Amino acid sequence: MSMSTQVDPYKPLALGTSQNQRVKLNTNAPFTPTYIQASLTQSGDPQGIYTNRVKNRHIVLENPDRASNVQKERDAKKARRESEKKKRKSTALGRRPAGAKGLWKLENGAEKFDLFLPLHQLWMGYMSELLGLSPPSSVPVAEAMPNASSMHPKLVKADFHGSLLTVRQSKNPCLVGLSGIVIHETENAFKVITRKDQLKMIPKQNSIFTLAVPLYSTLLQTQFEPAEAVSSALSGQHSGTVLDAPHIAFDLYGNQFCFRSADRAGRKFKAKETIEL
């Protein structure tokens, strides 16, 4: 029996005196140039092709993964959907979420007519600026009356929250004569607070309303107007409603007004005949 010599597999390799010295393969026929030149069978100068295109160059042996056009379109659609969802969350609440959270429900004891008088006075100032009403002065009523043709397009797109509406005619006789300040307008109804501190929901269908607009501007006086004349003319307006001062009355037909306030602002209304109830 011959004794086999023991070999230590963990013995360091003898690479010379320097530890950083690398192993060098010395051969007369290296693998890479030999394989490439042997593969170029249809070329007349395989050695020149190797020297010009392969030698001393970094070559990617496999093409990297590239996203296809279909995948890019899917990613773009997904990004657009996510951006639209973020915009929806950041915008105002819709009708259903607002109703579910009870944003349009008044607290107990908040159904007071006097509590919404500042809102009504704010609306009168809004109408004064919207219609360009003249300030109260010694101008006669005939001259202070604005042009009706210029008022109608603005009124149909105006915001009625805070206005004072009166039911002039309706198929429901119990609603005739009902008057109050509008605190909420929906597509098919007005929610008003009456002088008797009652909350009423008045449908727009089959109803004709009377809308009162101030004849003179209720905004504060400018530096060009005498303060005495303005204060004497507006003394009764700031303490009451629009009906306590000179005003203009318009008939509002509910059947042609079944739109939300936001929808009316961007809608184009066309003049057409009105059918009486």
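What you see is a predicted model; the values in this text were computed from it and never measured.
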Can any side-chain N or O of [X] pair as donor or acceptor with the backbone N or O of [Y] at less than 3.5 Å?
| X | Y | value |
| --- | --- | --- |
| R195 | F113 | no |
| S128 | T218 | yes |
| H161 | W123 | no |
| Y126 | G162 | no |
| D244 | T241 | yes |
| R57 | N52 | yes |

What do you reckon, is [atom1] of [X] surrounded by more than 12 foreign heavy atoms closer than 6.0 Å?
| X | atom1 | answer |
| --- | --- | --- |
| E129 | CD | no |
| K200 | NZ | no |
| K154 | NZ | yes |

Show the nearest heavy-atom pair for residues [X] and [Y], with the distance to one decimal.
| X | Y | result |
| --- | --- | --- |
| S217 | L133 | CB-O, 3.6 Å |
| A212 | V242 | CB-CG1, 3.6 Å |
| C258 | G254 | SG-O, 3.3 Å |
| T166 | S179 | OG1-OG, 3.1 Å |
| S170 | L175 | OG-CD1, 4.0 Å |
| L155 | M127 | CD2-CE, 3.2 Å |

List the atom pairs, donor and acceptor, that lie under 3.5 Å between side-chain atoms in residues 44-51 and the rest of the protein, sequence neighbours left out.
residue : atom : partner : partner atom : Å
D45     : OD1  : G48     : N            : 3.1
T51     : OG1  : Q47     : O            : 2.9

If hydrophobic clusters are built from ILVMFWY residues whose side chains come within less than 4.5 Å, do [X] and [Y] share one?
| X | Y | value |
| --- | --- | --- |
| L115 | L122 | no |
| V182 | M201 | no |
| L178 | F250 | yes |
| L199 | V167 | yes |
| L243 | F116 | yes |

Between F209 and F160, does the ring centre distance come in under 6.0 Å?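 Not under 6.0 Å, so no.
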
Those residues that, when tested against F259, pass ring pair (Phe, Tyr, Trp, His ring centres under 6.0 Å) (two or more places apart):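 Listed in chain order: F269.
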
Identify whether NZ of Lys or CZ of Arg in K204 sits under 6.0 Å from the centre of the six-membered ring of F190 and within 45° of that ring's axis.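 Yes.
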
Between atom NE2 of H120 and atom CD1 of I183, what is the distance when rounded to the nearest 0.5 Å?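 These two atoms lie 14.5 Å from each other.
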
Per the ring-ring contact (aromatic ring centres under 6.0 Å, His included) rule, what does the pair list look like for residues 165-189, sequence neighbours excluded?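 Sorted pair list: W104-H184.
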
